[in-house]
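First up is the structure itself, then whatever we jot down about it.
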Amino acid sequence: MRILGLDYGSKTVGVAVSDGLGWTAQALETITRKDANKLRKTLARIEELVAEYNVERIVLGFPKHMNNDEGNRCAETEAFKAMLERRTGLPVILQDERMSTVSAERILMEGGVRRENRKAYVDKMAAAFILQTYMDRMNQEQKLGD
């Protein structure tokens, strides 16, 4: 069983998936929409990916401010979480995503990806970072519990 990682934005959703053992996250794709409120096709694509990869749960980036406050984006993310749970029937876990986009940008820069090409990769890389952070935490907690 796999885990799907999502970086939810106003016009895009970055998508990543775990390997079957839950050790590594791979960036998959970026789902783009023209209007922030038009989520039908976005949710349908996520449902397709859930079925294709036999996903058991979804990890959704939670965009807190650096000072730990929750702004408007957090409320929008929680509403998206509720939609995902209704549509997929899967548990959706919120994962702190602070610094995920910055980390993704840094990896792309270090990898030599030109500035004009980074936009095509940054959202799915951020989703992979969010998912990897979650899996590392879960694996660490499992080790401590053993």
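Every heavy atom of this structure was used, including side-chain atoms; hydrogens, water molecules and symmetry mates were not.
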Please report the C-alpha distance between Lys81 and Glu78 in whole Å, then the side-chain angles of each, then the deciding distance to 0.1 Å, and finally whether the salt bridge (charged side-chain N to carboxylate O under 4.0 Å, His left out) criterion is met.
CA-CA 5 Å; Lys81 174 186 185 281; Glu78 287 174 327; over 6 Å; no
Going through the checks in order, is the side-chain contact (heavy atoms from CB on, under 4.5 Å) test met by Leu84 and Leu90?
CA-CA 8 Å; Leu84 283 170; Leu90 296 174; over 6 Å; no
Assess the residue pair Glu47 and Thr88 against the criterion (side-chain contact (heavy atoms from CB on, under 4.5 Å)); give the C-alpha distance rounded to whole Å, side-chain angles, the decisive distance to 0.1 Å, and a yes or no.
CA-CA 6 Å; Glu47 285 179 296; Thr88 66; 4.2 Å; yes
Could you go through the side-chain contact (heavy atoms from CB on, under 4.5 Å) check for Phe80 and Leu43 one step at a time?
CA-CA 9 Å; Phe80 186 64; Leu43 291 165; 3.7 Å; yes
Given the rule in the side-chain contact (heavy atoms from CB on, under 4.5 Å) test, do Thr77 and Glu97 qualify, once you have shown the distances and angles that lead to the verdict?
CA-CA 11 Å; Thr77 300; Glu97 71 169 35; over 6 Å; no
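Nearest heavy atom pair, residue Asp19 against residue Gln26, reads N-OE1, 3.8 Å. Closest approach of Arg57 and Tyr134 over heavy atoms only: NH1-OH, 2.7 Å. The two residues Tyr8 and Arg33 make their nearest non-hydrogen contact at CE1-NH2, 3.4 Å. Taking both residues in full, the closest heavy atoms of Ala128 and Ala27 are given as CB-N, 4.0 Å, listed atom of the first, atom of the second, then distance. Listed here is the closest heavy atom pair of Gln95 and Arg137: OE1-NH2, 2.9 Å. Counting all heavy atoms, side chain and backbone alike, Asp7 lies closest to Ala126 at OD2-CB, 3.3 Å.
A side-chain donor-acceptor contact under 3.5 Å links Asp136 and Gln132.
Of the possible polar contacts, one joining the Asn139 side chain to the Gly22 backbone as a donor-acceptor pair under 3.5 Å is found. Judged purely by atom type and a 3.5 angstrom limit, Ser18 uses its side chain to pair as donor or acceptor with the backbone of Ile3.
Note that the CG atom of Asp123 and the OG1 atom of Thr32 stand 7.5 Å from one another [nearest 0.5 Å]. Expressed to the nearest 0.5 Å, how far NZ of Lys11 lies from NZ of Lys34 amounts to 10.5 Å. Rounded to the nearest 0.5 Å, atoms CG (Leu6) and CG (Leu131) are 9.0 Å apart.
Using a 4.0 Å cut-off between charged nitrogen and carboxylate oxygen, Glu48 and Arg45 count as a salt-bridge pair.
Contact annotation: the side chain of Asn54 approaches that of Met1 to within less than 4.5 Å [non-hydrogen atoms, C-beta and beyond]. Here the side chains of Ile31 and Ile46 are in contact, with some heavy-atom distance below 4.5 Å. The closest side-chain heavy-atom distance from Val59 to Met135 is not below 4.5 Å.
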